[in-house]
2 protein chains.
Amino acid sequence: MTLPSKVRLVEVGPRDGLQNEKQVISTEIKVELIHRLASAGLRTIEATAFVSPKWVPQMADAAAVFSAIQPLPTVTYPVLTPNRQGFDAAMAAGAKEVSVFSAASETFSRKNTHCSMSESLERCRSVAEAAKAEHIKVRGYVSCVLGCPYEGEITPLAVAEVARALFDMGCYEVSLGDTIGTGTPEKTKAMLEAVARWVPLKKLAGHFHDTWGMAIANVYASLQTGVSVFDSSVAGLGGCPYAPGALGNVATEDVVWLLQGCGIECDVSLEALVNTAEWISRELGREPSSRVTRALRARRNVA
Amino acid sequence: MTLPSKVRLVEVGPRDGLQNEKQVISTEIKVELIHRLASAGLRTIEATAFVSPKWVPQMADAAAVFSAIQPLPTVTYPVLTPNRQGFDAAMAAGAKEVSVFSAASETFSRKNTHCSMSESLERCRSVAEAAKAEHIKVRGYVSCVLGCPYEGEITPLAVAEVARALFDMGCYEVSLGDTIGTGTPEKTKAMLEAVARWVPLKKLAGHFHDTWGMAIANVYASLQTGVSVFDSSVAGLGGCPYAPGALGNVATEDVVWLLQGCGIECDVSLEALVNTAEWISRELGREPSSRVTRALRARRNVA
């Protein structure tokens, strides 16, 4: 059981992290967050979402955010485009990579995206086909891979079927999301092994929420299974309004601490990242949920 | 790599958790906490510490606490006795099991216990010999097993030497403490493997702090190594005044969630435990640091 020597982090703070903030966040702050994350070494930064402002008002300035980014040549800035309308808007804004999402739970799909699982996959396919025509890369998300707020347990097979559908329609990577954070390491492994029967491990990413304190252990279990891509959110920003109590993407700082402690490269400067976490938390008027950021602050205050 | 089918939890909240509280906690509250923990299913509850009130004023009522406990026949109530004076006081109060502690760091030992590592082990030996004469079981703690706030990295060999000394002097179990919580899973495994060359794995316990968010992952790594006893603290109470920033024993609730999710028995009622965590947190006027307790509260508030 050799762990990967290198991990790629997909920073989702500017999109998944900010999307449910009730307070209006200025376009300038969003863009500065993206720039600071790039400076800290993140090489994939999900920048925004081209979605209906009716459903996600925080992302109404998606085009303005995207066009204000001063891109680094080494960094990819994917944007979430849940349907053709979003995809077309993303193309108009100049996006080079997009993401689509589906869920492994029928009820969650209906509550979150107002359509069935199969309709959701059809929307994804429509985007994926348009993207293929434009030579645009597509990344897929699956929600509720380790539990659903409405249905409870989700079978690994249900996850594998959705992941396979996304992979087969052309997603270069499928991110498996424990949306409500109830997953534990052994269940994580069983789920990943089921998915890996149909989608190569190298094409899978782990996306964990720390709502129940299990995210870092689940990342570790995923590393043991051979997964080497993880989504995370600076300062632990984010959650999901349709998943009760589901606050808290795993904090990027905490994942970096884990990886560095395990001798795994991720090319991120922990110091720059923690400074970014402190900065965005001040801007939002809240405490970072990252324990690493809080521990480093305590250490600095003592020193 | 089969995980243990059963784990024994050593609840350290009433001692390690409360000892550094600045506010005076009444004897009644301490005793009620112990009773509630026993009702929740904890079978080993470190009840108090017989130490100098000059150093640990919160434990000045140790004899009163211990004598007010209405013991359950299935529960053990060890008490911390760092020296002969403490041991004699514990015996006078009727204690049936005691704990001693040492550290794997010379500087930490001097700052925390005002003596060298070897002097610290001599103090432990003095207690262990007196205990043997009285047919009293002794448990040993080693601090700083994955890092020291003063010296930084601690070698697995240094930990192994202290653990072996405690085991050889008669400790039936040696608890290995990541006092500052900087440890990560691969380092946890390397440390455990070094110690296990001299002390049988079945005689080792893991004691993790969640200061850097790694505790649950470290428990999982320890389970993979074969450790089946873990110290934890209800609501995540506790820390160490001599270890800057080292707030937060791993919360018992979070360990129970991990274990239950992995199909490992621990005989604890999560619901009763979470109610106890909520109760003691209200009494102390603080938020529980346990994510499981906070997530369950959020779920209840939504339901």
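So that the names make sense, note that chain A is the first sequence line, chain B the second, and so on, each numbered from 1.
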Notebook entry, point to check: Is the NZ atom of A/K6 crowded by more than 12 outside heavy atoms at less than 6.0 Å?
Noted result: yes

Checklist line | Beyond-backbone contact of A/P185 with B/I216, side-chain heavy atoms, under 4.5 angstrom | finding: no

Margin query: Using 30° and 60° as the class boundaries, would you call the ring planes of B/Y220 and A/Y220 parallel, tilted or perpendicular?
Written below: perpendicular

Check: Of the backbone (N, CA, C, O) and the side chain (C-beta and beyond), which part of B/L3 lies under 4.5 Å from a heavy atom of chain A, both, or neither?
Finding: side chain

Notebook entry, point to check: About how many Å separate CZ of A/R299 and OG1 of B/T182, when rounded to the nearest 0.5 Å?
Noted result: 7.0 Å

Next item on the list: Count the heavy-atom pairs under 4.5 Å between each of B/K187, B/R294, B/M214 and chain A, then report the option with the highest count.
Entry: B/M214

Next item on the list: Test B/D254 against A/W212 for side chain to side chain contact (heavy atoms under 4.5 Å, CB included), laying out the working first.
Entry: CA-CA 7 Å; B/D254 296 5; A/W212 295 72; over 6 Å; no

Check: At their closest point, which heavy atom of A/L258 faces which heavy atom of B/T184, and how far apart are they?
Finding: CA-CG2, 4.1 Å

Notebook entry, point to check: Which residue out of A/E186, A/E253, A/Q260 racks up the most heavy-atom pairs below 4.5 Å with chain B?
Noted result: A/E186

Checklist line | Minimum side-chain heavy-atom gap A/T211-B/R291 below 4.5 Å | finding: no

Next item on the list: Can you tell which part of B/Q224 gets under 4.5 Å to a heavy atom of chain A, answering side chain, backbone, both or neither?
Entry: side chain

Next item on the list: Decide if atom CD of A/E271 counts as having more than 12 heavy atoms of other residues, nucleotides or ligands within a radius under 6.0 Å.
Entry: no

